[in-house]
Amino acid sequence: ADAPQVLVVHGNYLQAEEIAFLSNHRQFTTIYCPRTHAFFKHETHPWLQLIEQGAAVAVGTDSRASNPDLNIWKELAFLKQQHPEVADALLLELGTLAGARALGLEQITGSLTAGKAADLAVVALPEQNVSDALPALFRDNTHITATMSAGSWL
C-alpha cells in the first residue's frame, strides 16, 4: 500500500475485503473494460460497488483480442446501455478525468480546465438544438467526429 500509484487492471472478481482495501487506498485505481468483460462473459463487475465505497475506478478498453475498436467512447455508451440509472456525469468522468488521475496526469489533462492541455473530443449528437447535451451524449447513435491533443486537431 506504499506505492504512489497502482492500476488494478480488470479486478473482475474482487472480494469484499479487497474492495474495502481499494476504498481506503485511493492511489489504487481499478481499470474496468466493460466490453471486454462482457466478451469473456464474466460475472457482474464490482465497479459500482467500488465507486459507492469510495474507490477509484476508470474505464479502459483492454486489447484488440477482446475489443473491436479500442474506443473509450463506445465503452461509455455500452455502460450507459447496461446501466441507464448511472449518472451521465459519472460516466463521462470515468472515461476522462478518472483515467488521467489513474496515470498521474490530472494536473495536465482529463478535464477542460484553464492551464491544462487542450485535449478534447467532439461528439456528434443525435439531434440538433439540444439544450442540455449531457443526457444526449451516451445515446446509441452518438460518435466522435474530431479529437484535439495539446491544442492540435488530429
Side-chain angles (χ1 to χ4, degrees), residues 5-12 14 19 22-23 25-40 42-64 66-154:
Q5 284 183 281
V6 177
L7 301 181
V8 179
V9 181
H10 302 300
N12 295 320
L14 296 170
I19 292 172
L22 294 170
S23 299
H25 296 87
R26 295 278 304 180
Q27 76 271 30
F28 286 68
T29 301
T30 300
I31 308 300
Y32 173 39
C33 305
R35 293 188 295 163
T36 291
H37 192 86
F39 175 86
F40 286 111
H42 289 295
E43 294 175 16
T44 302
H45 192 281
W47 69 281
L48 284 171
Q49 187 180 0
L50 285 159
I51 291 169
E52 288 167 2
Q53 292 189 29
V57 176
V59 168
T61 61
D62 203 285
S63 75
R64 286 296 304 242
S66 60
N67 188 293
D69 51 27
L70 306 178
N71 186 320
I72 288 286
W73 193 253
K74 290 183 181 179
E75 297 296 317
L76 298 175
F78 178 81
L79 266 184
K80 186 61 177 181
Q81 183 182 48
Q82 299 298 309
H83 300 276
E85 76 284 2
V86 174
D88 298 318
L90 174 59
L91 288 178
L92 188 59
E93 183 176 335
L94 291 175
T96 56
L97 188 56
R101 277 190 204 112
L103 298 173
L105 300 173
E106 69 274 19
Q107 299 302 316
I108 299 168
T109 190
S111 64
L112 297 176
T113 305
K116 288 188 178 183
D119 298 334
L120 59 94
V122 178
V123 180
L125 298 179
E127 65 243 11
Q128 295 180 4
N129 302 321
V130 175
S131 61
D132 184 3
L134 192 56
L137 277 180
F138 301 109
R139 293 195 184 137
D140 288 339
N141 52 352
T142 63
H143 61 279
I144 304 292
T145 60
T147 57
M148 177 180 282
S149 178
S152 296
W153 291 106
L154 302 178

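Nothing fancy with the numbering, it's 1 onward along the sequence.
Nearest heavy-atom pair, Val57 versus Ala98, reported as atom, atom and distance to 0.1 Å: O-CB, 3.3 Å. Closest heavy-atom contact between Ala100 and Gly110: CB-CA, 3.8 Å. Phe28 and Ala56 make their closest contact through O-CB, 3.6 Å (heavy atoms, listed as atom of the first residue, atom of the second, distance). Across all their heavy atoms, Leu154 and Ser149 have their closest contact at CD1-CB, 3.9 Å. What you find for Ala121 and Ile144 is that their closest heavy atoms are CB-CD1, 3.7 Å. Residues Ala118 and Met148 share a closest heavy-atom pair of O-CG, 3.2 Å.
Without hydrogens or angle criteria, Ser23 side chain to Gln53 main chain gives a donor-acceptor distance under 3.5 Å. The closest donor-acceptor contact from the side chain of Arg26 to the backbone of Gly54 lies under 3.5 Å. With His45 contributing its side chain and His10 its backbone, the two residues share a donor-acceptor pair below 3.5 Å. In this structure, Gln5 contributes its side chain and Ala102 its backbone to a donor-acceptor pair below 3.5 Å. No side-chain donor-acceptor contact under 3.5 Å links Thr96 to the backbone of Ser111.
For Lys74, the NZ atom is loosely surrounded, since the number of other residues' heavy atoms within 6.0 Å does not exceed 12.
For the ring pair (Phe, Tyr, Trp, His ring centres under 6.0 Å) test with Trp47, the passing option among His83, His37, His42 is His83; the others fail. Tested against Arg101 for a side chain to side chain donor-acceptor pair (under 3.5 Å), the candidates Glu106, Glu93, Gln107 yield a single pass: Glu93.
Distance check, rounded to the nearest 0.5 Å: CZ of Arg64 to OG1 of Thr36 gives 11.0 Å. In this structure, Ile51 CD1 and Ile19 CD1 are separated by 11.5 Å, a value rounded to the nearest 0.5 Å. The OG1 atom of Thr44 sits 11.0 Å away from the CD atom of Gln49 when rounded to the nearest 0.5 Å. Atom-to-atom distance recorded for Thr61:OG1 and Asn71:CG is 9.0 Å, nearest 0.5 angstrom. One distance of note links CD1 of Ile72 with CZ of Phe78; it measures 13.5 Å at 0.5 Å rounding. Rounded to the nearest 0.5 Å, atoms CG (Leu48) and CG (Leu79) are 8.0 Å apart.
Between Leu92 and Asp88, the closest side-chain pair of non-hydrogen atoms is not below 4.5 Å. Contact of the Cys33 side chain with the Asn67 side chain is not registered, since no non-hydrogen atoms from C-beta on lie closer than 4.5 Å.
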Start with the C-alpha distance between Val8 and Ile31, add both sets of side-chain angles, then the distance that settles side-chain contact (heavy atoms from CB on, under 4.5 Å), and finish with yes or no.
-> CA-CA 6 Å; Val8 179; Ile31 308 300; over 6 Å; no

Kindly indicate, with the supporting measurements, whether the criterion side-chain hydrogen bond (donor to acceptor under 3.5 Å, both in side chains) is fulfilled by Asp119 and Thr109.
-> CA-CA 7 Å; Asp119 298 334; Thr109 190; 2.6 Å; yes

How far apart are the C-alpha atoms of Asp62 and Glu75, what are their side-chain angles, what is the distance that settles it, and do they pass the side-chain contact (heavy atoms from CB on, under 4.5 Å) test?
-> CA-CA 11 Å; Asp62 203 285; Glu75 297 296 317; over 6 Å; no

Start with the C-alpha distance between Leu137 and Trp73, add both sets of side-chain angles, then the distance that settles side-chain contact (heavy atoms from CB on, under 4.5 Å), and finish with yes or no.
-> CA-CA 10 Å; Leu137 277 180; Trp73 193 253; 3.9 Å; yes

Do Tyr32 and Leu50 pass the side-chain contact (heavy atoms from CB on, under 4.5 Å) test, and can you show the C-alpha distance, the side-chain angles, and the key distance before you say yes or no?
-> CA-CA 11 Å; Tyr32 173 39; Leu50 285 159; over 6 Å; no

